[in-house]
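What follows is a single structure, written as structure tokens, with notes after it.
Here the structure is a predicted model, which means the values were calculated and not measured.
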Amino acid sequence: MRILLTGAFKYTDEQIEYIKSLGREILFVQDEREKIDFDVSDIEGVICNGLFIYNSIEQFKSLKYIQLTSAGYDRVPMEYIEEHGIEIHNARGVYSVPMAEFALCGILQLYKQSRFFYENQKQHKWEKSRTLGELAGKTAVIVGAGNIGSEVAKRLKVFDVTVTGIDITTDRRPYFDKIEPLKDLDEQLKAADIVVLTLPLTDDTKGMFQKSKFDLMKNSCIFVNIARGQLVVESDLIWALEQNKIAGAVLDVFEKEPLEKESPLWKMNNVILTPHNSFVGENNNTRMFELVISNLERFCNE
């Protein structure tokens, strides 16, 4: 089996040798954005992220297997993959822990006004704040109650937060007080003190969070997006923040990345803003490689 690896994942020499020891012939492309300059018609497996944004999947005529290094499927031509019966796996569970920790970190920064104290520290200024918030007793609505959402819920429950999940299926699952269907999202938003997006980007979810959704939220609500920027109409989010329709936001993803330097979001004191960085964690490499090997061996042994 010939497998194409890309620079989307940083392999150690030992990991490369382990894949070879399984009897796999390996080809390697460092930069997925560059056009592949060799014949890929006999490649059966690909481990990548955005390779098919820049290279046509149709030239991979023997392709049977794709392992993504991303959690989302929005960077691959899913219609073509399904039509051709290509087996595909995402990086389920690999980034859930660091992303959940990031979400909680951002929420706590806003509740505990860390920016206020940081600015005072720089000025050697001793000034108390009498308006710090508490997580205990709050209600969080997590839109997308999958692996990442469950890790967020797990951490919020430790802080005595009531956690509601919104998902296409409503089966009970750990760490959520209840799971509600997507059709009831609007009603749940009205009760939320914290809204966290962890759902995938699809044609149905693109632009889901726009003015009408922010209008439903409390003006004390914290909005968190660690999923995909295009789930949100960014101009409507900016409006909601400027008009105090919501209290603040924790944003790791944006409609257009990198975020334009002129965006008002950069200068908002009630926004925690990072450059699509929440997925980074010290154990990602180990988790990713274990998943790669597990899925690859299962596929090859079927």
Side-chain angles (χ1 to χ4, degrees), residues 1-11 19 26-96 98-99 144 146-148 197-208 225-234 251-261 263 274-280 284-285 287-289 291-292 295-296 299:
M1 182 180 186
R2 302 188 82 200
I3 299 177
L4 177 66
L5 309 181
T6 78
F9 179 73
K10 188 175 181 179
Y11 298 89
I19 295 175
I26 294 175
L27 293 86
F28 186 78
V29 171
Q30 178 60 43
D31 192 343
E32 295 184 338
R33 296 168 297 180
E34 295 183 358
K35 292 293 183 183
I36 295 176
D37 59 1
F38 55 86
D39 183 20
V40 296
S41 61
D42 61 346
I43 287 176
E44 297 177 82
V46 174
I47 302 174
C48 67
N49 184 358
L51 179 69
F52 299 121
I53 296 175
Y54 308 98
N55 292 272
S56 173
I57 195 172
E58 295 178 357
Q59 63 184 310
F60 292 78
K61 300 184 185 302
S62 302
L63 192 60
K64 299 176 183 176
Y65 178 88
I66 299 171
Q67 170 70 64
L68 298 175
T69 60
S70 62
Y73 293 100
D74 50 294
R75 295 176 179 175
V76 292
M78 284 303 299
E79 185 175 346
Y80 179 94
I81 289 168
E82 291 169 356
E83 286 177 355
H84 290 76
I86 299 170
E87 183 174 324
I88 186 168
H89 299 273
N90 69 344
R92 177 178 174 82
V94 172
Y95 310 115
S96 301
M99 291 177 72
N147 198 274
I148 297 171
L197 305 193
T198 60
L199 71 165
L201 176 64
T202 66
D203 290 340
D204 292 331
T205 61
K206 185 176 182 179
M208 175 185 288
N225 189 5
I226 55 173
R228 285 288 187 261
Q230 290 181 325
L231 295 168
V232 181
V233 178
E234 205 160 278
L251 305 172
D252 186 53
V253 290
F254 304 89
E255 267 189 315
K256 182 181 178 182
E257 297 180 0
L259 181 65
E260 294 180 348
K261 293 183 178 181
S263 173
T274 50
H276 205 143
N277 207 90
S278 66
F279 69 94
V280 176
N284 283 354
N285 189 289
R287 285 188 292 261
M288 187 71 238
F289 190 69
L291 182 68
V292 165
N295 287 337
L296 186 59
F299 173 77

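Using the six-membered ring where Trp is involved, F60 and F52 have ring planes that are perpendicular, over 60° apart on the 30 and 60° scheme.
At a threshold of 4.5 Å between non-hydrogen side-chain atoms, the residues Y73 and L68 count as touching. The closest side-chain heavy-atom distance from L197 to V232 is below 4.5 Å. In this structure, the side chains of M208 and L231 stay at 4.5 Å or more apart for every pair of heavy atoms. Residues K61 and V40 form no side-chain contact, since every pair of their non-hydrogen atoms from C-beta on lies 4.5 Å or further apart. Between P200 and T205, the closest side-chain pair of non-hydrogen atoms is not below 4.5 Å. Taking 4.5 Å as the limit, every side-chain heavy atom of I3 sits out of range of all side-chain heavy atoms of F28. A 4.5 Å side-chain heavy-atom check between I47 and F9 finds every atom pair outside the cut-off.
Atom CE of M1 is separated from atom CD1 of I19 by 11.0 Å, given to the nearest 0.5 angstrom. Note: E44 CD to F299 CZ = 7.0 Å, rounded to the nearest 0.5 Å. Note that the CD1 atom of I43 and the NZ atom of K64 stand 13.5 Å from one another [nearest 0.5 Å].
Looking at D39 and S41, their side chains do bring a donor and an acceptor atom within 3.5 Å of each other. Between the side chains of S62 and D42, no donor-acceptor pair is found at a separation under 3.5 Å. For the 3.5 Å distance criterion, the side chains of E32 and T6 qualify, holding a donor opposite an acceptor.
Nearest heavy atom pair, residue A8 against residue T69, reads CB-OG1, 3.6 Å. Contact between Q230 and E255 at its shortest, heavy atoms only, is CG-O, 3.8 Å. What you find for K35 and N55 is that their closest heavy atoms are CA-OD1, 3.4 Å. When all heavy atoms of N284 and P98 are compared, the pair lying nearest together is OD1-CG, 3.7 Å.
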Atom pairs and distances, side-chain donor-acceptor, residues 76-89, under 3.5 Å, sequence neighbours left out:
| residue | atom | partner | partner atom | Å |
| --- | --- | --- | --- | --- |
| H84 | ND1 | Y80 | O | 2.9 |
| E87 | OE2 | H89 | NE2 | 2.6 |

